[in-house]
Structures are given as structure tokens and as C-alpha cells.
Amino acid sequence: MSVITAPPTSNPPTSPPSPRQRKRVPAIAAALVALALVAGVVVIRSVGDTTRPGPASTSPSPIAVKTLAQTLTELEAATARRPDDPRNWQQLAQGYVQRSIQTLDPAYYPLAQKALAKATKLAPDDPATVVASASLAVTQHQFSLARDLATRAISLNPDGPQAYSILVDAEVELGRYPDATVTLQELLDRKPGAAPLARVSYLRELNGDLPGATEAMRDAESASSGDTAFERATYTTLRADLLLNQNQFDAAAPLFRRALQLVPELPLAVIGTARIEAARGDLPAAIDGL
């Protein structure tokens, strides 16, 4: 799959997004970071189990059906039991970052920083530690730092998809669209899936190809059929948001409802529903929802 399918405009985007796009940038960037972290936090074979060498498994497992809040509780207990195990601290840091994005609660950032400090002390050159640091940096809009950390993580583990995803996000937010396109194409060639496809959608949107962006997000949504409810709801919401920005209210509304059925009170879906209600003139319902 090619990242950019539509012919580029005569002046390709080399500057920050337009005011309309800027309204979407923080929320979308944060959502994409959360999606990049899910495989490393939620789908793990056994929290605190240090008997299995190598990276955490991405095979279906009992913990995959638990909520992130439940997983964080188990990880907190695991760090208490095994405070010298860096993997527990790495996963806990990424979990806090993901939870902050899910809830829009910045109180999780200091918790992530403390967990990262522990992981860094125990395993500073472990790729998972560097990826966790990069994820926190990009979420806090420290894009240059995130780019450097993601690049370092790739040098430590060239097969780690999370680092490539974060590098794409950082390059996009720095306005380095050609670099982001090259990085994303490499990720697609290495490990295609829902998270890379969502980034294809975002780059196409920034390139002015809204139909192509919608198509790529639909592909991401389809590819997420076996993922967590949060992942599926987020992809559905992002596709609905694209339709909303094309004034396709009747197509967007049921997608927002579907996302809220999967994850009640998902912030992006609540906001999208309110925007549709406001556009249709039902301001009381929009205000109540928000």
C-alpha cells in the first residue's frame, strides 16, 4: 500500500496544518500515540512474569479482555512485588500514558514519569524503555525529543513497530511530512496493520486527500476487528470525524454511536456527537453532551 495515493498539490504541505486541521491535530495525534502503545501494554501474556525471554507476546490471552484500568492495577502490584524488573516499569509507564489519553486526565503523566525513571535506572538501553520515553515525550508535545528517542529505539531494535509509529507521529507534528511518509512506508512494508493504516489516513488528510484518508481509516477499522474495544472505538471515531469534516453528518452519526457503545464516554466520540448536534441546530443537546 502506498501512503500517498492522490497527486500532490502544486504546493505540498511543508508548514503546520491549516486552522481547520489544527483543531484536530492534538486529539488525533494523542489517539494515534495511544494506538501505538496498546500492543505493548494491554495484550501481554502474564503481568510481572519474568520467566519468558524476549518481548511480550501479542497472542490472545486472558489479560487482553481486561480494561486498561484493571491492567494498570495489576502492573502496579507487579512492580511492588518485583521492583527490580524493568519490564514491569516499562509497561506501567506506557499504560499510564495510554490511560491519560483515554481519560484526558493529565494526572497520569507524573505517574508515567516516575515509572520511566525506574525503568531507565534499571535498563536505560532497553528498547522498551526508550520507546516508553518516546511515547511520553510525543504525548507532551516534546516532538524533537520524541523523534530522537524513537530513532534511538529503532537503532536498538529495528523490528519494533511501536518506535516507527511514534517516529511518524513526531515527524508529522514537526512538519517533516516527507520524512514521515518515508518512515510510514517502511513501517507498512515491515508490519502492516491498523495502527499504520490510521497514520496513512492522517497523512493523506494533511495532503488534502479526504476521500483517500477516509478509505485508509476504513481499512484501519476493518484491520482492528480482533483488537481491544478501545482500539476499535478509536478507529471508528476517527473515520466518523473525517466524514463529519466532509459534512457527511448522516454517515458520521451512527459511527460515533457505535464507538460509544464500545467505549461509553470516549472523549473523541462525545465531542464528535456534540459537533453533529450543533451543526443540526440542537445546541442544548450538544452542550449537555459536552
Side-chain angles (χ1 to χ4, degrees), residues 1-9 12-14 17-18 20-39 101 138 161-256 258-259 262 266 268-269 271-272:
M1 179 183 206
S2 175
V3 175
I4 304 297
T5 55
T9 59
T14 56
S18 67
R20 182 195 67 79
Q21 292 168 324
R22 255 198 311 273
K23 294 177 183 178
R24 288 167 42 80
V25 163
I28 293 178
L32 293 177
V33 172
L35 294 170
L37 301 181
V38 168
I101 295 169
V138 77
Q162 288 177 301
Y164 285 93
S165 294
I166 294 171
L167 179 56
V168 171
D169 298 337
E171 288 173 337
V172 167
E173 300 310 318
L174 289 168
R176 303 174 68 100
Y177 301 116
D179 290 343
T181 300
V182 171
T183 303
L184 181 53
Q185 189 64 61
E186 185 172 357
L187 175 58
L188 281 167
D189 293 341
R190 284 173 173 269
K191 192 176 180 66
L197 287 169
R199 287 164 172 79
V200 170
S201 173
Y202 192 29
L203 277 172
R204 287 181 180 177
E205 179 186 5
L206 292 176
N207 200 52
D209 180 13
L210 289 179
T214 306
E215 178 186 7
M217 194 61 75
R218 183 173 58 245
D219 292 341
E221 187 181 5
S222 297
S224 72
S225 59
D227 293 336
T228 67
F230 170 74
E231 291 174 282
R232 287 181 282 127
T234 300
Y235 293 123
T236 298
T237 297
L238 292 176
R239 181 160 73 94
D241 202 44
L242 282 164
L243 293 168
L244 174 56
N245 279 280
Q246 297 172 75
N247 296 323
Q248 298 182 33
F249 303 139
D250 291 341
L255 294 179
F256 285 128
R258 183 195 305 170
L262 288 167
L266 182 69
L268 286 178
I271 292 169

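The structure presented is a predicted model; accordingly, all values stated were derived computationally and were not measured.
When the side-chain contact (heavy atoms from CB on, under 4.5 Å) test is applied to Leu244, the partners found at least two apart in sequence or on another chain are Asp241, Phe249, Ala252, Phe256, Arg275, Ile276.
Interatomic distance, Arg176 CZ to Glu171 CD, rounded to the nearest 0.5 Å: 6.5 Å. Between the CD atom in Glu221 and the OG1 atom in Thr234 there is a gap of 11.0 Å [rounded to 0.5 Å]. Here Leu243 contributes atom CG and Arg239 contributes atom CZ; the two are 6.5 Å apart, rounded to the nearest 0.5 Å. One distance of note links CG of Leu242 with CD of Glu205; it measures 5.0 Å at 0.5 Å rounding. Distance CG/Leu262 to OG1/Thr228: 9.5 Å, rounded to 0.5 Å. Atom CG of residue Leu184 and atom CG of residue Asp179 lie 12.5 Å apart, to the nearest 0.5 angstrom.
Shown here for Ala213 and Ser201, the closest heavy-atom pair between the two residues is O-OG, 2.7 Å. In plain terms, the two heavy atoms of Ala251 and Leu255 that are nearest each other are O-CG, 3.6 Å. In plain terms, the two heavy atoms of Arg232 and Asp227 that are nearest each other are NE-O, 3.1 Å. For the residue pair Ala198 and Ala220, the shortest heavy atom distance occurs at N-CB, 3.8 Å. Counting all heavy atoms, side chain and backbone alike, Val172 lies closest to Tyr177 at O-CE2, 3.7 Å. Here the closest heavy-atom approach between residue Val200 and residue Ala216 is recorded as CG1-CB, 3.9 Å.
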request  = Quick one: do Leu210 and Asn245 satisfy side chain to side chain contact (heavy atoms under 4.5 Å, CB included)? Show the steps, please.
outcome  = CA-CA 9 Å; Leu210 289 179; Asn245 279 280; 5.6 Å; no
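Judged purely by atom type and a 3.5 angstrom limit, Tyr235 uses its side chain to pair as donor or acceptor with the backbone of Ala195.
Inter-residue side-chain proximity for Leu187 and Pro161 is flagged as met; some heavy-atom pair is nearer than 4.5 Å. Side-chain contact between Pro196 and Lys191 is absent, with no heavy atoms from C-beta onward closer than 4.5 Å.
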